[in-house]
Amino acid sequence: MHKDVERILLNKEEIDVKIGEIGKQISEDYEGKSPIFVGVLKGCFIFMADLMRNVTCDCTMDFMAVSSYDGTSSTGAVKINKDLSQDVNGRHIILVEDILDSGITLNYLKNYLMVRQPASIKIATLLDKPARRQADIVADYSCFEVPDAFVVGYGLDYNETYRNLPYIGILKPEVYS
Ligand code: IMP
Ligand code: MG
């Protein structure tokens, strides 16, 4: 275990099993619809790669990059740093995030993409931290609910570090205080 991690919340095996289940569910729900997975960079990258390999229906993918976070607390403002590279009019969008925290980012993105008149927009998130929700938004596909602690690994960072950890762990508070 990494020295900055207080304890492991979810190990690789648990994560693999759950992503397999969510992938199967999405495959059934979108059979014949060719959804487009829209990953929210950078945190989504490991989850999205694992999720898509568990989806059996035809699908495509794209990425958006946003910034809304500075350290461990949301600034409340969302900035689009990279937009989609294709038209999503009439498409079934599945927004893929690492964690749904305040919900400000996904709420903003959902409204932002709605203007382009997709056929539907759903949200798939690896983690859900409902204790800190501010925006009125729920995940359609969520792998795990996590307590109100700052977690890293499996794509999630603290100031760009720890994304490579193959598990989800609680970061020691002294690292960011
Ligand atoms: P929201 O807009 O508050 O829902 O924030 C979503 C973004 O905040 C996520 O995509 C993460 O990048 C970041 N975030 C929120 N909570 C955590 C955490 O516990 N660990 C790492 N990143 C987090
Ligand atoms: Mg982040």
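Note that the structure is a prediction, hence the values are computed from the model and not measured. Quick note: numbers below take in every heavy atom, side chains included, and nothing from hydrogens, waters or symmetry partners. Both counts, for ligands and for their atoms, begin at 1 and track the order of listing.
Remark: of the listed residues L100, D98, I168, I168 is the sole one forming a side-chain contact (heavy atoms from CB on, under 4.5 Å) with L127.
The atoms of ligand 1 that sit less than 4.0 Å from any heavy atom of D101 are 1 (P), 3 (O), 4 (O), 5 (O), 15 (C), 16 (N). Residue-ligand proximity, T105 to ligand 1, at heavy-atom distances under 4.0 Å covers atoms 1 (P), 2 (O), 5 (O), 6 (C). Those atoms of ligand 1 that come under 4.0 Å of a heavy atom in E97, given as number and element, are 10 (O). Using a 4.0 Å cut-off to heavy atoms of A149, the atoms of ligand 1 that qualify are 19 (O).
Within 6.0 Å of atom NZ in K172, more than 12 heavy atoms from other residues, nucleotides or ligands are found, so the atom counts as buried in its surroundings.
Within the 4.0 Å heavy-atom criterion, both parts of I99, backbone and side chain, lie near ligand 1. Only the backbone of D157 comes within 4.0 Å of ligand 1, counting heavy atoms alone; no side-chain atom from C-beta on gets that close. Under 4.0 Å from ligand 1, not a single heavy atom of R132 appears. The side chain of K129, and not its backbone, has at least one atom closer than 4.0 Å to an atom of ligand 1 (non-hydrogen atoms only; side chain from C-beta on).
Side-chain contact check for I123 versus K110: some heavy-atom pair is nearer than 4.5 Å.
Considering backbone and side-chain atoms together, L156 places no N or O closer than 3.5 Å to any N or O of ligand 1. Remark: ligand 1 and V151 share an N or O pair separated by less than 3.5 Å (distance only, no angle test).
Not a single heavy atom of G43 sits closer than 4.0 Å to an atom of ligand 1.
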